[in-house]
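Here the structure is a predicted model, which means the values were calculated and not measured. Letters A, B, ... are given to chains in the order of the sequence lines, protein chains preceding strands, and every chain is numbered from 1.
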Protein chains: 2
Amino acid sequence: MSLIRSWVESANSPTHPFPLNNLPYGVFSTADTKKRCGVAIGDYILDVQALQANGFIVFGSVFNDPSWNAFMEQGRDHWRQLRERLTALLAEGADEQEQLAAFLTPIEDAKLHLPIVVTEFTDFYASKYHAMNVGTMFRGPENALPPNWLHIPIGYNGRASTVVVSGTKIVRPCGQTKALDADMPSFGPCNRLDIELEMGAIVGRPSEMGTSVSVDQADEMIFGYVLLNDWSARDIQAWEYQPLGPFQAKAFATSISPWIVTTDALEQFRATTPERERDLLPYLRESKPMLFDIDLEVGLAPEGMAETVIARTNYNQMYYSAAQQLAHHASSGCAMRVGDLLGSGTISGPGKSERGSLLELSWGGKEPIKLKDGGTRSFIEDGDTLTLRGAAHGDGFQVGFGECVGVIIPVKE
Amino acid sequence: MSLIRSWVESANSPTHPFPLNNLPYGVFSTADTKKRCGVAIGDYILDVQALQANGFIVFGSVFNDPSWNAFMEQGRDHWRQLRERLTALLAEGADEQEQLAAFLTPIEDAKLHLPIVVTEFTDFYASKYHAMNVGTMFRGPENALPPNWLHIPIGYNGRASTVVVSGTKIVRPCGQTKALDADMPSFGPCNRLDIELEMGAIVGRPSEMGTSVSVDQADEMIFGYVLLNDWSARDIQAWEYQPLGPFQAKAFATSISPWIVTTDALEQFRATTPERERDLLPYLRESKPMLFDIDLEVGLAPEGMAETVIARTNYNQMYYSAAQQLAHHASSGCAMRVGDLLGSGTISGPGKSERGSLLELSWGGKEPIKLKDGGTRSFIEDGDTLTLRGAAHGDGFQVGFGECVGVIIPVKE
């Protein structure tokens, strides 16, 4: 597939994240208007609620709420119908061009909000490079991978109340930490604040309690993907996580990018999971490629200074796909709901510069990263801006995710 | 305090769970009527939505939805006002008796539903007897308590989508398990299905992201309590839980009792946490008793056979209170929301018959429990009915929770 040209001229640039091939869904408002659903096209947002109100699309009341949840509920046939209709309406030469121009808002004039109501948030641990890096640091290379790792897409329940949209300021978390030689723990601001570069998969169709879903069904249940930063307090995590896993170390914030790039937009970028080192149990086997070839990078900019790109990797480096994770999630009979968000787990590649967390990049603080304008970083300092970026690269076009940005601010006194 | 007499005669029995002293809140429907909020009094449910519609109470539109969430949002002043008003309306000699009789439905004619929309579910691990029992089984008595246990009310995020009301049938979960001597794990129905006897605390007031709450504030944020059965698949848990905690072993179901017993109804039953073995950090210290003296028991009835009470304990046996757990939960800056449900963790006492799980009662299956009608149990079998019961005992009256019942049915093929 090559670039599909639009009458929105900015969408035809080979380097623009939002060409007609993409059509990512978000929720926006302006100084004068309320939150509502929109779709990005070039430098603009097309108001989907207005399309419905004016009869250009016919999806009932699903766009009355400022979230994509009600539309997702309608299922994949409707998802495809809307995409086909938007593609026709926005294509070069479309008859509706003049009427629709009134429903375009420049992205730069809009405030972007969470595109969905996040029902529940689950985070996984599914990059083998990441698991090996972290395991090697804490347990040595022989015991790096837990015994279950090659059999289970390991996951844990996260906290949905603090999933926020890109741009939301993140307060440095507080918590209990304990120095190795201390008798007692102490309570205070986190000293080893970190990012985790992840993709978030958005569940668009439910499963019933007491039933499971196949990997193929799971792939069909995923509405789309966002960039996800699973902010992590490493010092809090180290002291709290045994025996029941991370809790407050991850509960204070998770940032996602504002645009849902649909599975339909990513179809041509499907990528295979790697050769299995141990056979997967049948319930986890994929019938087709279910990862995606998405280039990812992380930028770090200290307050008032230039950004340094500190990591570049690709979502195709994962050992488990989101579809496998979702099938595992439902395998016990756990009901899945529309709006559930599944974090891929930190995405690291094999190279030193392909690591998706500062913990790995600075090797636990032993090898601080050098920044462009001077200075170094082992972990995040107050005032630092962390930016995730992602895009799938086609022939003469991109399917971009935009940015997932967070600035760290000090603890409120 | 002694029994407060009501014109609903059945409420005046010293052994009835729902005297006027209690006034627990639920959601009910009948064959002919929709789900709506109600309050239990003796053998009846008083229709709270009808009270509002007919001007007996004045709380705006909060009872339009069939859940207590909107009412909880209004805050503690409103909680107390409603309780005072209901107490007056239902007291012996109340002028409104004749008019209100029309709004009573016999409990036996009603279907009970989840009393709240569960926003998120968090489960804790806060009985020292339970932690010692489990730790001793898996790591020996010297290493039974994790090093952080006496400092942190350890918790993990659970799954809200499968919190169900008492009476809901529970499908035996499936999952990965691995025998110690096996090379590969296998997938199939759980063979070590268990209960966890817990109390659930319902968060009625929110906290803002990036801020914390004190233990005193946390105590004020808790609307009330329910009985909670944190169904657990021990064999799945054993294989999956390292390194990120329980996931599918707990995700398939959590049952709660249908009636929220408010913190206000429990005031006179406050109990202290035990002497601290290590000083708590200041953010976890309580200014007054924040546990409650609630007698608890567990019954097990094989299909078609009599029930055996397999455990009796008390909520006052916990090391950490729900208020301490909630303060810890918000300590990182994690936003808490109305409708959040916090499981206390398994409640075990010091004695052998005071253990709140089959894992402990049968000592990992090595000492099967004897049942009244013959037969034994190490873990739950298909067709078994498990019933939790709880009540605080006053002078000539009870504040009861009713029952939290679940029947295990086989995996659907």
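Heavy-atom distances place the side chain of A:Pro146, and not its backbone, under 4.5 Å from chain B. Contact annotation for B:Phe138: neither backbone nor side-chain heavy atoms come within less than 4.5 Å of a heavy atom of chain A. Contacts of A:Glu208 with chain B are made by side-chain atoms alone, with heavy-atom separations under 4.5 Å and no backbone atom involved. Only the side chain of A:Leu281 comes within less than 4.5 Å of a heavy atom in chain B; its backbone stays farther off. With a 4.5 Å cut-off on non-hydrogen atoms, A:Pro147 touches chain B through its backbone and its side chain both. Contacts between B:Pro206 and chain A at a heavy-atom distance below 4.5 Å are absent for every atom of the residue. Heavy-atom distances place both the backbone and the side chain of B:Phe187 under 4.5 Å from chain A. Proximity to chain B (any heavy atom under 4.5 Å) is shown, for A:Leu280, by neither the backbone nor the side chain. Contact annotation for B:Leu244: both backbone and side-chain heavy atoms come within less than 4.5 Å of a heavy atom of chain A.
Among the candidates A:Thr211, A:Ile409, A:Ile170, A:Asn148, the residue making the largest number of heavy-atom pairs closer than 4.5 Å to chain B is A:Asn148. For the set A:Ala233, A:Pro246, A:Gly245, A:Ser161, the entry with the most heavy-atom pairs within less than 4.5 Å of chain B is A:Ser161. Contact tally against chain B (heavy-atom pairs below 4.5 Å) for A:Trp149, A:Trp239, A:Phe247: the top residue is A:Phe247. Contact tally against chain A (heavy-atom pairs below 4.5 Å) for B:Pro189, B:Gly210, B:Ala251, B:Pro185: the top residue is B:Pro185. Across A:Arg172, A:Lys169, A:Lys178, A:Glu240, the residue that shares the most heavy-atom pairs under 4.5 angstrom with chain B is A:Glu240. Across A:Thr162, A:Val164, A:Ile236, the residue that shares the most heavy-atom pairs under 4.5 angstrom with chain B is A:Thr162. When each of A:Ser186, A:Pro173, A:Ala160, A:Gly175 is scored by its heavy-atom pairs under 4.5 Å with chain B, the top score falls to A:Ala160.
The two residues A:Leu193 and A:Phe379 have their closest heavy-atom pair at O-CB, 3.4 Å. Taking all atoms of both residues into account, the shortest heavy-atom contact from A:Glu198 to A:Asp230 is OE2-CB, 3.3 Å. In terms of heavy-atom proximity, A:Leu284 sits nearest to A:His151 at CD1-O, 3.3 Å. In this structure, A:Gln237 and A:Ser232 approach most closely via the heavy-atom pair OE1-CB, 4.3 Å.
Here B:Thr136 contributes atom OG1 and B:Glu142 contributes atom CD; the two are 8.5 Å apart, rounded to the nearest 0.5 Å.
Between the side chain of A:Ser127 and the backbone N or O of A:Ser348 there is at least one donor-acceptor pair closer than 3.5 Å. Side chain of A:Asn69 to main chain of A:Val117: a donor-acceptor pair is present (N/O by atom type, distance under 3.5 Å, no hydrogens or angles). Side-chain N or O atoms of A:Arg205 include one that pairs as donor or acceptor with a backbone N or O of A:Glu73 at under 3.5 Å. Here the side chain of B:Asp194 pairs no donor or acceptor atom with the backbone of B:Ser357 at under 3.5 angstrom.
Side-chain contact check for B:Thr122 versus B:Tyr156: every heavy-atom pair is 4.5 Å or farther apart. B:Met72 has its side chain within reach of B:Ile116: a pair of non-hydrogen atoms, C-beta onward, lies under 4.5 Å apart. Counting heavy atoms from C-beta outward, A:Gln176 and B:Tyr283 have side chains that approach closer than 4.5 Å.
Taking the ring axis of A:Tyr319 as reference, the NZ or CZ atom of A:Arg276 stays within 45° of it and closer than 6.0 Å to the ring centre.
Close approach to chain A, defined as a heavy atom under 4.5 Å from one of its heavy atoms, is seen in B:His328, B:His329, B:Ala330, B:Ser331, B:Ser332, B:Gly333, B:Cys334, B:Ala335, B:Met336, B:Arg337, B:Asp340 of residues 322-343 of chain B, taken by number.
Between B:Tyr125 and B:His130, the ring planes are perpendicular. Angles over 60° get that label, and only those under 30° would be called parallel.
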